[in-house]
Amino acid sequence: MRPMRNMERRQVTEGKILLAHGSGGGLTHQLVREVFSKHLANPWLDAQEDAAVWQAPHACGRFALTTDSYVVQPLFFPGGDIGKLAVCGTVNDLAMVGAQALYLTAGFILEEGLPVDALERIVCSMAKTAEEAGVQVIAGDTKVVDHGSADQLFINTAGIGTVAPDVHISAGNAQPGDGILLSGPIGLHGMAIMCEREGLGFTWPLQSDCAPLNGLVCTMLAVDTHIHCLRDPTRGGLATTLCELATQSKIQMEIEESSIAIPAGVSAACEMLGLDPLYVANEGILVAIVPPELEASMLASMHAHPLGRNAALIGRVTSSDHARVVLHTTLGARRLLQVLAGEQLPRIC
Amino acid sequence: MRFVDEFREPAKVQRLLEAIWQRSTEAAQFMEFCGGHTHAILKFGLRQLLPSTISLLSGPGCPVCVTASSDLDLAITMACQSGVILTTFGDMMRVPGSHGSLQDARALGADVRMVYSTLDALAIARSYPDRPTVFLAVGFETTAPTVAAAVLQAQTERLNNFFILSLHKLTPPATRAILSAGEVLLTGIIGPGHVTTIIGTDAWKFLPDEFGIACAVAGFEPLDILHAIYALVDMVELGAPSVRNAYGRSVSAAGNHVAQQMMENVFRVAPAEWRGFGMLPNSGLALRSEYASFDAAQRFPITVPPAREPQGCRCGEILRGIITPLECPLFARACTPATPIGPCMVSGEGACAAYAQYGEASGD
């Protein structure tokens, strides 16, 4: 076979990520300019320094810092994509300690051969989601690995935020008597991904609930800062999150199965695939544990926010004798919820 | 959701429970053959809602659980042969054999792939014409017709690199073995809904005729199961055991003729080794000689040394209904869903996995 001439090579590889895009040389600069800076532009990124330097807000209280990596497959799914997820996930992790996200960093690991178009769509989606969440991506990194060493694209984001002085939210703070609130219906993200992956075509396709929750948390904190616990039930689903909260707070909670909203499409897909919606991942809902006197006002504030319209009281912390979660089933039986063992659905976030 | 919600409706469940409470006076012990029933019973907490006269025992109806360790060792050895792609349903991946699981073999370099259906295995065979693709055929009468269909398809396409390792098992012989052993005293059997959809309720007539035991075939929703329990209680109270169909929307007396025919064409009845039971005559399915070219056991004539069972594991007794998972000293201590020792904790249909997943809440 004759060697491929340069011209032909260029035609074959046009629009694809090459190893050279991660070389730090001309192609890297071109990629940064034409994809990342184009969509995520701000003074810190535009300065192209090795690190972003910013002025801490006055009287900001404490800082919160978190990081997460995103390996979801497929990259694009109904209701979102890996870029939206990478922003929401980190913003939400900050929101769950009551922090308002300020800035994010984004690290990209790209597989050789990834279409640049796909990357641009993802970066564009990150920019849109960041704007919605009121944060900016102020530092970034790109690496390219050879074909087969990664699956298309992985993203890591880190986020920093500030926590107001009177906010003390922790998974260990639940107290007997507290009410357990759930902001919306469960199972949408995991089942949207699964249906897309398995090619299950429903008349009404399931949309991931992927959304930044900092606005909802902000609304709730405006009512009262004495929220005891917040957590977004991502991997492992609602059941695993409730078990984690019970363990960390060393309390028993009792949950009414009938008060948990499960969309019909989620139920149907779970039945077909033999999955339990209580263990399916979510990316746009939260569990809040609040003192009983705050339940009504907190619920009202959640109902007024687009992401909390279907918020409901799903149960109560009943004692500190056991660290466990008791589910009252719709048929009147009681059983214990356990944390998810193993992986119900791999690579959902 | 239609066809599901109406079979979970709390008011109807309540009415059926009241009828069971009223009808049941004699102590009765029923075995749910099927692992799917065990899971539904625990998931919906049905045992807590029944009168104390009724006790429920889990049976051997989990295909992964009853797969013998020696057969698993054979599959693992096969997976390690050069060039072989071994395809299997997900549950089989983690079941420990004598020296590790298929998952362990994969970590060491064997090409073991999880599939959702036999058609996926066929597709893999098509994509790799130079590599022998073995499908680990585990399952009862429900799965066997789909495997038969895959073999017929492979024959039509002249795929000469597709093989199956048939570990299929038949459910009536195992039920017969439990009753003949006399280790557990049963008054009735909740018949497996999916299996009976294929084989028909007539296949269970030997239960009342030969053993004087009632049988009610059930679906997998709370109302289905309670309907079957009511039928069993009614037969016990009448002293007139027979076979009743409490899953009429899926099951008939004669079963699914097309599926039976397909199984019959491709497989012959053969002896099979069951975990916990040993060798049972006429309880398995082997490929007929016309389809020998698809038989992985013939393509790879491997013998494995006698299998070692995991130490302290009592899955065998659990499968025979002699003990419940709670009576196994390893349960929830050394053996958990995250660190399973026996197959009944690994499989999604295993009794131990169901007990661990849906623990009943005692006290307050």
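Note that the coordinates shown come from a computational prediction; the quantities given were computed from them, not determined experimentally. Computed over heavy atoms, backbone and side chain alike; hydrogens, waters and symmetry mates excluded. Just so we're on the same page: letters track the sequence lines, and every chain starts at 1.
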*Does B:R126 CZ have over 12 foreign heavy atoms under 6.0 Å away?*
yes
*Taking all non-hydrogen atoms of both residues into account, name the closest pair between B:G45 and A:A333 and its distance.*
O-CB, 3.4 Å
*Does atom CZ of B:R249 have more than 12 heavy-atom neighbours, drawn from other residues, nucleotides or ligands, at distances under 6.0 Å?*
yes
*Got a donor-acceptor contact below 3.5 angstrom from the B:Q357 side chain to the A:Q338 backbone?*
no
_Going by disulfide bond (SG atoms under 2.5 Å apart), name the residues that satisfy it together with B:C62, two or more places apart in sequence or in a different chain._
B:C65
*Heavy-atom proximity to chain A below 4.5 Å, by part of B:L42*: backbone
*What closest approach, in Å, do B:L49 and A:L331 show between heavy atoms, and which atom pair accounts for it?*
CD1-O, 3.7 Å
_Exceeds 12 heavy-atom contacts within 6.0 angstrom, atom NE2 of A:H147_ = no
_What part of B:A353 gets within 4.5 angstrom of chain A, counting heavy atoms only: side chain, backbone, both, or neither?_
neither
*Which atoms form the tightest heavy-atom contact between A:E271 and B:E221, and what is the distance?*
OE1-OE2, 4.1 Å
*Would a distance-only check, ignoring hydrogens and angles, find a side-chain to backbone donor-acceptor pair under 3.5 Å from A:R335 to B:K43?*
yes
*Among A:D276, A:T329, A:L336, which one satisfies side chain to side chain contact (heavy atoms under 4.5 Å, CB included) with B:Y358?*
A:D276
